[in-house]
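So the structure is just underneath, and the comments pick up after that.
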Amino acid sequence: MTRLALLHSTIRKEEKLIIESSIKKGVEVNLIDLREIILDPVRFEVNFDLALERSVSTVKGNYAISFFESLGVPVLNSLKVATICQDKFLTSMCLLKAGVPTPKFALAFDLEKAIEAVDYLGGFPVIIKPPLGSWGRLLAKINDLDALEAIFEHKDLLGGPQHKALYMQEYVEKNGHDIRAFVIGPEVICAVYRISEHWITNTARGAKTENCLLSDELVEIAGQAAQAVGGGLLALDIFETEDGFKVNEVNHTMEFRNSEGPTGVSISSAIVDYCLRYLKENRFKNNS
Amino acid sequence: MSVEGTCPVCEAEVNLKEDVLVSEIFSCPDCHSILVVDSIYDHQVSLKEAPAIEEDWGQ
């Protein structure tokens, strides 16, 4: 029987669905609450075949991935993928390098340079996001210079170290929706529209979801974007613009509770299937 | 059979499904506080208020 370690902190609906799918497939699930263990490479006894990182805390998740990878345990997603996806700037760089259409972006540490960057981005409005952030938290739509100066001063005086890095993005008119595409390994399995009257379309901020049919163009760009960050278990946020699709962000510990219903696809089942396939392929590599 | 506990905020009786897990979060049906399961023993759960969202939380 395959033994899957589910690395978690708070257990959400998604973790419950993954556990349920694992049990149905005869996979033994070992729940590891990262708040309850000591990452001690000398004393930690590994009693599972593969770890699936599902921590709601990015910092804890990242240390756990590093730890278990260093012990030789296969982990999904890998440290390489998690490191890129948790950071919006690194993600944008990877997408750009791979030729995947993505909104214009820039990063600045200084107000004068941020003002210069606005010109490069096409003028106001621009979006400012914490490089490490999620659920639409602390996103700011900057409509003019006054707002940019105010946000910069607040971040400079009140923010922690990561808020000194001003990640900026061109504002893309989403017409009330964006697309979330789910990519499991090499396959784009389904997608939803995230619909909101607000310019922020995160479901954590109240956006509703509807099934989005997978066009050839969407599958191609989602597949390219997933591979650009290293591939694995990924959820991509994509803008539908007059110039075609643009990949905005890539999430590596995807939430999908609002997407299984509209799409009719069991994302949790696909995740477990991929874990099993990944383990098989990894064993083969190790034995060859 | 359900699992029972008491909301630490409003003291409402809360019934949860039998497959409830330690560290699972849910809303109290009465006061809507976000709660987390602290421990489970003999169909009784101990509940506490969920931690506030931290800066690095997300997906």
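Reckoned from all heavy atoms, side chains included, excluding hydrogens, waters and symmetry mates. To find a chain, count down the sequence lines: A is the first, B the second, and so on, and within it residues start at 1.
Heavy-atom distances place the backbone of B:Val22, and not its side chain, under 4.5 Å from chain A. A:Arg35 touches chain B through its side chain: at least one heavy atom from C-beta onward sits under 4.5 Å away, while N, CA, C and O do not. Only the side chain of A:Gln162 comes within less than 4.5 Å of a heavy atom in chain B; its backbone stays farther off. For A:Ile19, the part lying near chain B is the side chain, with the backbone staying farther off; criterion is any non-hydrogen pair under 4.5 Å.
Between B:Glu54 atom CD and A:Ser9 atom OG the span is 8.5 Å, to the nearest 0.5 Å. The OG1 atom of A:Thr10 lies 11.0 Å from the CD1 atom of B:Ile34; values are rounded to the nearest 0.5 Å. To the nearest 0.5 Å, the span separating CG on A:Leu31 from CG on B:Leu21 amounts to 6.0 Å.
When every heavy atom of B:Asp56 is checked against every heavy atom of A:Lys60, the shortest pair comes out as OD2-N, 4.2 Å. For the pair B:Trp57 and A:Ser134, the tightest heavy-atom approach, listed with the atom from each and the gap, is O-CB, 3.5 Å.
In the displayed structure, B:Lys17 atom NZ is contacted under 6.0 Å by at most 12 heavy atoms of other residues, nucleotides or ligands.
Between A:Asp33 and B:Ser23, the closest side-chain pair of non-hydrogen atoms falls below 4.5 Å.
Between chain A and the options B:Glu55, B:Glu24, B:Gln59, the largest number of non-hydrogen pairs under 4.5 Å is found for B:Gln59. For the set A:Lys16, A:Glu255, A:Met254, the entry with the most heavy-atom pairs within less than 4.5 Å of chain B is A:Lys16.
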